[in-house]
**Student:** 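Sharing a structure with you now.
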2 protein chains.
Amino acid sequence: MRILIIEDEHKIARALKKALEQENYAVDVSFDGDDGYAMATTEPYDLAIIDRMLPGEYDGIGIIKAMRKAKIHTPVIMLTAKGTIADRTTGLDAGADDYLVKPFALEELLARIRALLRRPIEVQQVILTAGDLSLNTVTFEVKRADKPITLTSKEFALLEFLLRNQGRPSNKDTIISHVWDYNADVLPNTVEVYMKYLRQKIDDPFDGPHLLQTARGFGYKIESN
Amino acid sequence: MRILIIEDEHKIARALKKALEQENYAVDVSFDGDDGYAMATTEPYDLAIIDRMLPGEYDGIGIIKAMRKAKIHTPVIMLTAKGTIADRTTGLDAGADDYLVKPFALEELLARIRALLRRPIEVQQVILTAGDLSLNTVTFEVKRADKPITLTSKEFALLEFLLRNQGRPSNKDTIISHVWDYNADVLPNTVEVYMKYLRQKIDDPFDGPHLLQTARGFGYKIESN
DNA sequence: TACCTAGCTTAGGAATCGCTTAAGTAGTTG
DNA sequence: CAACTACTTAAGCGATTCCTAAGCTAGGTA
């Protein structure tokens, strides 16, 4: 899951990035409105956290409006120092899906992120499964046929993405843009290499059907049956 | 837009109902958890506003959990008197999409309702069919008479185009400009070749009528009957 | 019937795709 | 500072896919 932060207070931005990365999200940060606008409209994010007051031509509201106009429906959490009702409602009406008044508890932001990410793709479960394979997004445990499997964090992120898109093939570019963050531009080949790693861990040692499948020309998918 | 309110404080419930009806929503009210649960799971609502503390076997959290378990994804706004973070997050994690702490401003509730109702589940044609042929644009699966068919990506793109223009013939130039990208200039003959490939996969092996038809001088079409 | 043209068919070379191995880099740990 | 781990790239291979060329068939017309 890939998240964009647009926040001009570097301290807050960096703290957020760190916290979210610990939750295994791929995080990009932008420190001003113009740059943030460009990123929000060109890169595919699963969620954006945007400060209301920003330097540059675009403030938070402007970015959201521009995004919605461009038919980008990425859920947005707006951060705001102002607490008056009028301010809140203009944020929501502009197209934000939620807002938080600063200062806020990190706990709460994380819960709201989970709430928003839960919506578009089915009900977001803590434990994702496919056949006898299971992945726990909270404890980061992965098992197949009740045997624990050790994955690196990239492998884990990749497997989580595939499980969340179960049954539908994702091509390499899509996978890269959701599993890796902005400054990391990796070659499609990297995905292929990771697929091999994953297969060596979740498929090859087991008797059952191979869960990780290649749909030539369309991408990779995990099939439950 | 139809909204369900589950709230045991009659005064608040009635005030809400009145306010929402003025906004032109159709509103149902339930005053206790058990009754509310029954309504939430049997009637189709576009949104539910549920109090956290309720008399009866089901409290607010219980209702939401039961709804989600029953695969009802109606957006839910939770009302709560408790303002501690722990309480808030359990609500969101249980499957609520938003919450409001009482007392709240009506303005704000209305803005949040608008925010939640705004994101319509995109109803775009995912599965295209013609006769007993079906093509799933998300999973890239193609079937005829329930038998799976494997297509290459070009074949798939071509078939998808024909299905989207069902019944009306498309000539080779039109097909080329829609199925191939702009810089690729291919000969009309290439289309003919691909038509053969498609026929070999979707028509020849099957008993039924040939779906892929040539309209000499006008192009190719897929006919459903 | 002869002719013309649109579409059909086949085969093969070119390009691309995915798999695999090996090796390099950066960061961490003992 | 050596050893290890996680991540990424490079390069070669085999298989599939894409596209073209060339000859063929069939429908329409004079």
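A, B, ... follow the sequence lines: proteins, then strands. Residue 1 opens every chain.
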**Student:** Closest to the B:Val186 side chain: D:dC7, D:dG27, D:dC19?
**Tutor:**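 Within the option list, the nearest is D:dC19.
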**Student:** Does C:dC8 have its OP1 or OP2 closer than 4.0 Å to a side-chain nitrogen or oxygen of B:Tyr220?
**Tutor:**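 Yes, B:Tyr220 has a side-chain N/O under 4.0 Å of OP1/OP2 on C:dC8.
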**Student:** A quick test of your reading: do over 12 heavy atoms of other residues, nucleotides or ligands sit less than 6.0 Å from CZ of B:Phe218?
**Tutor:**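 Counting other residues, nucleotides and ligands, CZ of B:Phe218 stays at 12 neighbours or fewer.
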**Student:** Atom CG of A:Asn171 and atom P of D:dT17: how far apart are they, to the nearest Å?
**Tutor:**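 For the pair A:Asn171 CG and D:dT17 P, the rounded distance is 16 Å.
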**Student:** In whole angstrom, what separates B:Glu155's CD from D:dC19's C1'?
**Tutor:**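 To the nearest whole Å, that distance equals 13 Å.
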**Student:** Check DNA chain D against residues 194-204 of chain B and give the residues with a non-hydrogen atom under 4.0 Å, in numerical order.
**Tutor:**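 Per residue number, the list reads B:Tyr194, B:Tyr197.
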**Student:** From the options C:dG7, D:dC19, D:dT8, select the nucleotide whose nearest atom is closest to the side chain of A:Lys154.
**Tutor:**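 For A:Lys154, the side-chain atoms sit closest to D:dT8.
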**Student:** Given D:dA10, C:dC19, D:dT20, which nucleotide is nearest the side-chain atoms of A:Glu192?
**Tutor:**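 Of D:dA10, C:dC19, D:dT20, C:dC19 is nearest to the side chain of A:Glu192.
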**Student:** Expressed as a whole number of angstroms, how long is the span from B:Lys221:NZ to C:dG7:P?
**Tutor:**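 It is 14 Å, rounded to the nearest whole Å.
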**Student:** Hey, is A:Glu141 close enough to A:Lys143 for a salt bridge, meaning N to O under 4.0 Å?
**Tutor:**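 Judged by the 4.0 Å cut-off on N to carboxylate O distance, A:Glu141 and A:Lys143 do not form a salt bridge.
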**Student:** Tell me: CD1 of B:Ile176 to P of D:dC18, nearest whole Å?
**Tutor:**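 Roughly 15 Å, once rounded to whole Å.
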**Student:** Considering just the side-chain nitrogens and oxygens of B:Thr214, establish if one lies under 4.0 Å of OP1 or OP2 belonging to C:dG7.
**Tutor:**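 So the side chain of B:Thr214 is outside the cut-off, no N or O lying under 4.0 Å from OP1 or OP2 of C:dG7.
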**Student:** In this structure, how many angstroms lie between the C1' atom of D:dT8 and the CG atom of A:Leu187, rounded?
**Tutor:**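 These atoms are roughly 8 Å apart.
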**Student:** For the CG atom on A:Asp204, are there more than 12 heavy atoms of other groups (residues, nucleotides or ligands in this structure) within a distance under 6.0 Å?
**Tutor:**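 Atom CG in A:Asp204 is crowded, with more than 12 foreign heavy atoms closer than 6.0 Å.
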**Student:** In this structure, how many angstroms lie between the P atom of C:dC8 and the CD atom of B:Gln213, rounded?
**Tutor:**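 For the pair B:Gln213 CD and C:dC8 P, the rounded distance is 12 Å.
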**Student:** For A:Thr152, which contact category applies under a 4.0 Å heavy-atom criterion: base, sugar-phosphate, or nothing?
**Tutor:**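 Sugar-phosphate only.
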**Student:** Could you check whether B:Arg164 and B:Ser170, counting side-chain N and O atoms only, form a donor-acceptor pair closer than 3.5 Å?
**Tutor:**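 Note: B:Ser170 and B:Arg164 side chains miss the donor-acceptor criterion.
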**Student:** Please confirm whether the shortest side-chain N or O distance from A:Trp180 to OP1 or OP2 of D:dT8 is below 4.0 Å.
**Tutor:**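 True: A:Trp180 side-chain N/O within range (under 4.0 Å) of D:dT8 OP1/OP2.
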**Student:** So, is B:Lys172 close to the C:dA6 phosphate, meaning a side-chain N or O under 4.0 Å from OP1 or OP2?
**Tutor:**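 Answer is no, no contact under 4.0 Å.
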**Student:** Counting heavy atoms from C-beta on, name the nucleotide in D:dA22, D:dG14, D:dT9 closest to the side chain of B:Asn189.
**Tutor:**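 When the side chain of B:Asn189 is considered, D:dA22 is the closest of D:dA22, D:dG14, D:dT9.
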**Student:** Using the ring of each side chain (for Trp, its six-membered ring), is A:Tyr58 parallel, tilted or perpendicular to A:Tyr37, with breaks at 30° and 60°?
**Tutor:**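 A:Tyr58 vs A:Tyr37 ring planes: parallel.
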**Student:** Rounded to whole Å, please give me the gap between CG in B:Leu212 and C1' in C:dG7.
**Tutor:**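 Going from B:Leu212 (CG) to C:dG7 (C1'), I get 12 Å.
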**Student:** Classify the ring geometry between B:Tyr194 and B:Trp180 as parallel (under 30°), tilted (30 to 60°) or perpendicular (over 60°).
**Tutor:**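 If you compare the ring of B:Tyr194 with that of B:Trp180, the planes turn out perpendicular.
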**Student:** Tell me: CG of B:Leu158 to C1' of D:dC18, nearest whole Å?
**Tutor:**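 B:Leu158 atom CG is separated from D:dC18 atom C1' by 13 Å.
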**Student:** Checking A:Arg216 against B:Thr152 for the side-chain contact (heavy atoms from CB on, under 4.5 Å) test, could you report, in this order, the C-alpha distance in whole Å, the side-chain angles of both residues, the deciding distance, and whether it holds?
**Tutor:** CA-CA 8 Å; A:Arg216 193 170 226 272; B:Thr152 73; over 6 Å; no
